[in-house]
Amino acid sequence: MALGDLMTSRFSQLSLAVSNHVIDGNVSSGGYHEDDVAYADLMSQRRDLDAVSTSSYANAVTSTATVPTTMAYLPQTVVLCELRHAAFEASTPTGPSDSGLVSKWRPKDRMKTGCVALVLCLNISVDPPDVIKISPCARMECWTDPFSMAPQKALETIGKNLRDQYERWQPKARSKVELDPTVDEVKKLCNTCRRYAKSERVLFHYNGHGVPKPTANGEIWLFNKSYTQYIPLPISDLDSWLKTPSIYVFDCSAAGMVVNAFIELLDCGTSNYPGSSRDCVLLAACEAHETLPQSSEFPADVFTSCLTTPIKMALRWFCTRSLLHESLDSSLIDKIPGRQNDRKTLLGELNWIFTAVTDTIAWNVLPHDLFRRLFRQDLLVASLFRNFLLAERIMRSANCSPISYPMLPPTHQHHMWDAWDMAAEICLSQLPSLVEDPNAEFQPSSFFTEQLIAFEVWLDHGSEHKKPPEQLPIVLQVLLSQCHRFRALVLLGRFLDMGPWAVDLALSVGIFPYVLKLLQTTTPELRQILVFIWTKILALDKSCQVDLVKDGGHVYFIRFLNSAEAYPEQRAMAAFVLAVIVDGHRRGQEACIEAGLIQVCLKQLHGFTQNEAQTEPLLLQWLCLCLGKLWEDFTEAQTIGLQADVPGICAPLLSEPQPEVRASVVYALATLLDVGFDSFRDGIGGDEECDDVEKNRAEMIIIKSLLNVVSDGSPLVRAEVAVALAHFAFGHKQHLKSIAAAYWKPQPNSLLNSLPSLANLKGTGSGNIVSSQIGPLTAMVRDGRVSTSSPLATAGIMHGSPLSDDSSQLSDSGILNDGVSNGEVNHSRPKPLDNAMYSQCVLAMFTLARDPSPRVASLGRLVLSIIGIEQVTKSVKPAGNSAWPSDPANSSSTPSISGLARSSSWLDINGGHMPLTFRTPPVSPPRQNYLAGIRRVCSLDFRPHLMNSPDSGLADPLLGSTSGSERSLLPQSTIYNFSCGHFSKSLLTASDDSEELLAKREEQERFALEHIAKCQHSSVSKLNNNSQIASWDTKFETGTRTALLQPFSPIVIAADENERIRVWNYEEATLLNGFDNHDFPEKGISKLCLLNELDDSLLLVASSDGNIRIWKDYTLRGKQKHVTSFSSIQGHKPGVRSLNAVVDWQQQSGYLYASGEISSIMLWDLDKEQLVNSIPSSSDCSVSALASSQVHAGQFAAGFVDGSVRLYDIRTPDMLVRTTRPHTQQVARVVGIGFQPGLDQGKIVSASQAGDIQFLDIRSQRDTDLTIDAHRGSLTALAVHRHAPIIASGSAKQLIKVFSLKGEQLGTIRYQHTFMAQKIGSVSCLTFHPYQVLLAAGAADACVSIYADDNSHTR
């Protein structure tokens, strides 16, 4: 199947998956079931179910076997398993490499042989004294019989023939022949050649058939002038004349003597060129103890013939051994029609096959760096070494072993010679008819087709860990042929897709110049596969950008990107290639702008924003990244972008569902912000004034757009916003500093001391740092009065919309302009934007500095340091507070100090200058030492050179600081490097582990269905104190706040007020893991949920401040990984001290519902990592309990502080389905709420603090169906089983009661007094196992107990 088709089919399957979960078009992202047809069916069933469930509510509790029921109970949604979740917090991803190991495939420096020195010592008709010749004897020299003419003429003919033979391999080299020379003539020849060749290679060919063998000292023999004596020439002299680089060919008996002497020379270091590396190659006809073959079946110079006329030699030698030797006249071999370099002729095809075979043998036998040196660096050396392999094969048959330096392993028995023999035989069998009839048609060999089939077989079964495919060099040769080219490229594409190791192999075999040349072809069917191949190459090695621009290859990709018929995924690859071409490469940027790349990208982006149709996210992502790279640090491109209204085109894309797309848009907009840096201009003329107005307007639009995503659900996006704000802050730091200074305007000391409300500075959560920190201070600064509500903390700001009116009055009041001039000459700064915008930026910077993602928070703190604010936060954990209670090393109180002091130490106190510091008074009740303060560094600018010179004092910040070095300290964007990783992975095949994951899921689904049926059909027997199967002392000082039972393993997870999480195996009674949710716990954990419980589950931890953190591998000791985090609640009511967030997770829809002290319920889509809706709660009171239906996607219920209960369904237009007030006896807050088990819609259980439990059916007109008065005035917890007809409630009086859905009490569990007999705290949390009747209860005494009913209590 052609790769174009293959890719099409793959990508069409892929787009199915993309629409559901695969956010970045990432086929093998988490190894989830992308290609699996069964899953597509399941998804459609799920959609059918949703359609059915809105209309009919048959009670399907008993029919567990029906498919829709199964689907309802086993949600297919899988979230947060993309590439970005594996890598974001852990490491900084790297993009394509441009140096080091990767570029090893490049020949260090291409070389050519510029001069050829041919020395023939034949002395025809006089045999040397040490040779005894046999009869008949080998006589031919250069295919000429020296005895067929006068000796002198024969000598000249042989010399001319040899020169011609070498010129066929290197036509441009200058050749000089010396016939029977003296030492002086050879010296002169060598010096002339070196002078002419300069730094190029010189070839020295020595034929010593008319002189004695070389001596043991490595001397070769020449003549005196009168030919009466043999004169020795030491190899060291020869070496000193020829210098390096050079290649020697010695065709004489005992040639190995010379090689041995040469190696000795190199080893002794008596080289004539100290300091320069030697580049000498030697080829010798035989070993030191051997004489040349004399059999008349060979020419006398068999070694030279193999090296210079390999096809003729190979065929003659093969002919004598083949079955054809009787029928074929060997003289016909001299008449093979065609030219060596024309592959459509018989001679050309033979030469082509021979090259492929010898290349393949060398590639498979030699170490790769040696292969590159000998076979890829110099054309003549490569040809000679290919032919040397033939010489070894032929001469070994005559018991003679040619040798080389560097030495090669033996290759004469390699099985590829069989393929050559077969191809030679097929070609030779046609020879008589072709010679007879010059017009006869020549039938090409099937050699290449067969080798491609062999390569394809390897692709089907090979892998990185198996032997690499030996046909790779042949695939390279096939690219030269038009008829095989497409197929070869497709197979090559499949090979490169196997991973970076495959790309590296292909590059080291020498593919690069071939695929570079192919970019000049216009063949339409090659375009897709060439783009794919280049994507794979550039994903590994960025350095190819230079070659592409030099050869004009960028135009090919711009055309492809602009072609409407290409698939979006393939256009995304072209955009990726172009992004790499312009990445940090000014020539590339200029070339692409000339070729109109900006217009091409913007045209497509504009099309997407206008067109409502679903676009390919990968293409959107790479169009934005490509634009960002195009104008990064390149003013000319930025100007073109601003003129084309990029901010207007890109801003709508910030609400795209894929986080990678949003992050890429932020990056593209942020690189445009760099205009702020070009403010250091010399002349300021009228035009520039007008430019500045335009630029400011554009900056305003960009900053406004970016502020909208400060609270995005994906840390990937927020990190990009932080980087963008850092660049903006650097360009505008004077203005931002003055705004920040106004917030922190120093007041008289007495006033500071008398401000109890400053305790609010502690902050109630990262999302709301705005109101909790800046609010009170701003009010204080403005009029000296203390006010807990802040004019800036309006919901409007929290949602990133423009400032509300009263905050604008604040910004215009004049205070904020204090200290703008600061006594500095300010003309070189960019013009200021309006103050309201700066205020919003400062607020956004604080939000980021308190981000729940550690990486984003550190970026945020760095941004604050740029505007001179330093956050000093100390968290001192009390004794025994460590994650591992048993570990004595941790149990001492360890003060951990974090904050800006780490990220920007050069901003610290310097030269005796004491910055102003705010610190919060101790919080009451005293729980944990929590000191948080913001320190303003008054006079130190952001100056890197202070890091190295702490005593520099307070020099003028504008002196001596260079913009360039400062900029290098700014945080760098990571989205580009991160996104490049997608193309390094396999794009055509799903990852291997998907089958394993599928099997695991099927097994867990089976378990779940089995146990669901048991739960639904079993009558629950008593649950009481005797039912306890495990008890665990969590060692939490503040008691257990919330707990969770794992569905498929005997594991319970518990968390406390200080946001510590511990994981315990209750069957083996062992602690598996313990860790802190984050370093600065505030209000405890309000909820633990499992995401993807039927797959590799993730642990969602919701803090009371609304921050959500998600962990994977949380059961492995010390190996837990932070997957993602975000602030789920935004814009709480003014004056609210704490948020008391309530959240619930709905796997069916992939939604997280969150609320608290706010007037709406936030709806987060965790697949998109985006706030998709903010549903008005329709109540003045805040939400105190929240539960989502586990079978009906989009349905959830909320209980309120005033005792009312509301049911919502996001699929209905109004969203609010019904409001009831079931708790009428006494108005008390709803403590717990849950959906009754089964497929019924709208059956709810609600429990209030007053102690009554109400069973509601939203469809009936009555407010309640059934009331249980469970605990008088002290109900603290409620749990409803997901499938069994059972609920449990806990009270402040250490009592747990268990009821059936009919209201019948099934048991009472009374907490026992401990042996110390102190009172035990109230029941703080209850949770049921999802598929078994198991109840976990946590209390204020740090004990978690697990109870099982008699039926399931078989342990």
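What you see below is based on every heavy atom in this structure, not just the backbone, and it leaves out hydrogens, waters and symmetry mates.
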Would the distance check show the side chain of [X] and the main-chain N or O of [Y] forming a donor-acceptor pair, the cut-off being under 3.5 Å?
X	Y	result
Ser246	Leu242	no
Thr144	Cys142	yes
Arg393	Ala314	no
Gln377	Leu374	no
Asp378	Leu380	yes
Asn387	Ser383	yes
Trp417	Thr411	yes
Arg174	Cys115	no
Thr308	Tyr166	no
Asn351	Leu347	no

Determine the minimum heavy-atom distance between [X] and [Y], stating which atoms define it.
X	Y	value
Lys213	Ala254	CD-CB, 3.9 Å
Cys544	Phe512	SG-CE1, 3.5 Å
Leu265	Ser236	CD1-CB, 3.9 Å
Pro181	Val186	CG-CG2, 3.6 Å
Gln170	Thr113	NE2-O, 3.3 Å
Ala284	Ala255	CB-CB, 3.6 Å

Start with the C-alpha distance between Lys112 and Val381, add both sets of side-chain angles, then the distance that settles side chain to side chain contact (heavy atoms under 4.5 Å, CB included), and finish with yes or no. CA-CA 9 Å; Lys112 75 173 198 273; Val381 173; over 6 Å; no

Would you say [Y] and [X] are linked by a side-chain donor-acceptor pair, where the criterion is simply a distance under 3.5 Å?
X	Y	answer
Thr244	Asp279	no
Asp251	His209	yes
Thr309	Trp143	yes
Thr228	Asn224	yes

For the [atom1] atom of [X] and the [atom2] atom of [Y], what is their distance to the nearest 0.5 Å?
X	Y	atom1	atom2	answer
Asp359	Phe371	CG	CZ	4.5 Å
Ile403	Leu282	CD1	CG	8.5 Å
Ile220	Cys252	CD1	SG	7.5 Å
Thr521	Arg485	OG1	CZ	7.0 Å
Ile235	Thr215	CD1	OG1	10.0 Å
Thr304	Met140	OG1	CE	13.5 Å

[X]-[Y] aromatic ring centre distance below 6.0 Å:
X	Y	result
Phe262	Tyr248	yes
Phe447	Trp420	no
His368	Trp363	yes

With a sphere of 6.0 Å drawn around [atom1] of [X], does it hold more than 12 non-hydrogen atoms of other residues, nucleotides or ligands?
X	atom1	value
Met422	CE	no
Gln520	CD	yes
Ile132	CD1	no

Does a side-chain N-to-carboxylate-O contact under 4.0 Å join [X] and [Y]?
X	Y	result
Arg139	Asp301	no
Glu349	Arg343	no
Asp369	Arg373	no

Run Asp164 and Lys160 through salt bridge (Lys or Arg N to Asp or Glu O under 4.0 Å) and show every step you take. CA-CA 6 Å; Asp164 293 346; Lys160 181 181 178 304; 3.1 Å; yes

Quick one: does [X]'s side chain get under 4.5 Å of [Y]'s, heavy atoms only?
X	Y	result
Phe204	Leu118	no
Ser401	Arg396	yes
Thr182	Ile231	no
Ile124	Ile158	yes
Gln451	Met416	yes
Ile247	Arg201	yes
His412	Ile394	no
Glu470	His415	yes

Salt bridge (Lys or Arg N to Asp or Glu O under 4.0 Å) between Glu297 and Arg321, worked out: CA-CA 11 Å; Glu297 69 165 309; Arg321 281 160 174 70; 3.7 Å; yes

Side chain to side chain contact (heavy atoms under 4.5 Å, CB included) between Asn207 and Phe250, intermediate numbers included: CA-CA 6 Å; Asn207 177 328; Phe250 295 105; over 6 Å; no

Could you walk me through whether His205 and Val116 pass the side chain to side chain contact (heavy atoms under 4.5 Å, CB included) check? CA-CA 8 Å; His205 178 105; Val116 176; 5.7 Å; no

CA sep, side-chain torsions, deciding dist, call: Asp504, Ser508, side chain to side chain donor-acceptor pair (under 3.5 Å): CA-CA 6 Å; Asp504 194 34; Ser508 62; 5.6 Å; no

Chi angles and distances behind the side chain to side chain contact (heavy atoms under 4.5 Å, CB included) call for Asn399, Glu290: CA-CA 9 Å; Asn399 298 319; Glu290 293 174 344; over 6 Å; no

Parallel under 30°, tilted from 30 to 60°, perpendicular over 60°: which one fits the rings of Phe223 and Tyr230? tilted

